Amino acid sequence: MTVAVYPGSFDPVTLGHYDIIKRSSSIFDHVIVGVLNNTSKTPLFSLEERVKMLKDAVEDLPNVSVESFEGLLVDFVKQKKTNVVIRGLRALTDFDLEMQMAQSNRVVAPDVDTVFLSTSIEYSYLSSSVVKEYAKYGVDLKDFVPECVISKLMDKMK
Ligand code: PNS
């Protein structure tokens, strides 16, 4: 059984993230979405809120689970007894940072590999930051985030 970890901040989960999760779930037997508890950043949504939104968003995908993690990604991956990390690549601008992360992770944990999926074209512009910016100005978010996230974002912006 091949298990893969899809890590991220997910502040909040976008339709771009969901697209990567759904496509990964048809490639791997099980996908664990790992939500980073990054103590050096102040996210808009708490860790619990981010995990809950993701759980709601992926409830139609039976082989996907959502967990939080702290510390190094490679330690979480090993703890889950796997060696596959999934990341989405939107554009060339993502490439440098993603390569750096994948390669440094391989130095620390040589058996952990990162599999990149190209983001679907319709989500190539999309990021959690863009979503938060639009939410501030009351833009309709239906093309950006899963339905269950819209009201949560609107509440935060009040
Ligand atoms: O959604 P993001 O913020 O682009 O995700 C970044 C993430 C969570 C994949 C990355 O910051 C990470 O793996 N953090 C855990 C700490 C770690 O392992 N750092 C070493 C990688 S350079």
Side-chain angles (χ1 to χ4, degrees), residues 3-28 30-73 76-77 80 84-105 114-158:
V3 177
V5 171
Y6 178 50
S9 306
F10 305 108
D11 185 38
V13 56
T14 67
L15 288 177
H17 294 132
Y18 177 80
D19 174 62
I20 296 287
I21 297 169
K22 188 172 182 176
R23 285 160 56 205
S24 305
S25 74
S26 69
I27 299 171
F28 298 99
H30 190 85
V31 175
I32 301 170
V33 181
V35 185
L36 178 66
N37 184 17
N38 187 347
T39 46
S40 63
K41 267 193 188 172
T42 313
L44 177 64
F45 290 98
S46 69
L47 181 66
E48 292 71 27
E49 288 172 321
R50 286 179 281 144
V51 168
K52 169 82 170 73
M53 285 187 286
L54 266 156
K55 283 187 175 169
D56 291 346
V58 302
E59 67 180 3
D60 62 323
L61 304 174
N63 62 335
V64 175
S65 57
V66 182
E67 296 183 33
S68 61
F69 75 99
E70 253 182 68
L72 286 182
L73 171 62
F76 178 62
V77 171
K80 294 292 132 195
V84 183
V85 172
I86 302 161
R87 290 289 284 170
L89 275 182
R90 284 168 300 191
L92 211 52
T93 42
D94 282 341
F95 188 80
D96 271 354
L97 182 64
E98 292 299 333
M99 264 316 249
Q100 195 182 32
M101 278 203 289
Q103 288 177 328
S104 55
N105 282 340
T114 302
V115 174
F116 293 110
L117 294 191
S118 64
T119 297
S120 297
I121 286 171
E122 65 264 41
Y123 302 126
S124 56
Y125 64 91
L126 191 54
S127 70
S128 298
S129 310
V130 163
V131 166
K132 284 181 277 195
E133 187 69 11
Y134 279 140
K136 249 197 281 182
Y137 297 101
V139 172
D140 185 352
L141 299 171
K142 71 173 176 11
D143 292 333
F144 303 141
V145 293
E147 184 72 36
C148 59
V149 176
I150 296 179
S151 59
K152 306 273 187 315
L153 258 168
M154 289 339 244
D155 287 349
K156 280 278 173 199
M157 294 302 158
K158 273 181 195 154

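Both backbone and side-chain heavy atoms feed into the values below; hydrogens, waters and symmetry mates do not. All of these numbers come straight from a predicted model, not from anything done at the bench.
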Check your understanding: When the ring planes of F10 and H17 are compared, do they come out parallel, tilted or perpendicular, using 30° and 60° as the limits?
Key -> perpendicular
**Study point:** Pairing of K152 and D155 as salt bridge, 4.0 angstrom limit
**Key:** no
Review point. Do the charged groups of E133 and K136 touch, with an N to O distance under 4.0 Å?
Key: yes
For a quick test of reading the model, state the closest non-hydrogen atom pair linking [X] to [Y] and the distance between them.
X	Y	value
L44	E49	O-OE1, 4.4 Å
H30	S65	NE2-OG, 2.8 Å
V64	V33	CG1-CG2, 3.8 Å
I20	G88	CD1-CA, 3.8 Å
D143	Y125	O-OH, 3.8 Å

Review point. With respect to N105, which candidate in V77, L72, L73 satisfies the side-chain contact (heavy atoms from CB on, under 4.5 Å) definition?
Key: L73
Point to revise | Distance (rounded to the nearest 0.5 Å) between T119 OG1 and R23 CZ | key: 7.0 Å
Check your understanding: About how many Å separate CZ of R50 and NZ of K55, when rounded to the nearest 0.5 Å?
Key -> 13.5 Å
Exercise for review: Before giving the answer on salt bridge (charged side-chain N to carboxylate O under 4.0 Å, His left out), spell out for D11 and K132 the whole-Å C-alpha distance, their side-chain angles and the decisive distance to 0.1 Å.
Suggested key: CA-CA 9 Å; D11 185 38; K132 284 181 277 195; 2.9 Å; yes
Review point. Quick check: are there more than 12 heavy atoms from other residues, nucleotides or ligands sitting under 6.0 Å from CD of E122?
Key: yes
Point to revise | Side-chain (R90) to main-chain (Y123) donor-acceptor, under 3.5 angstrom | key: no
Exercise for review: Indicate yes or no for a side-chain donor-acceptor contact from N37 to the backbone of E70 under 3.5 Å, with no hydrogens or angles considered.
Suggested key: no
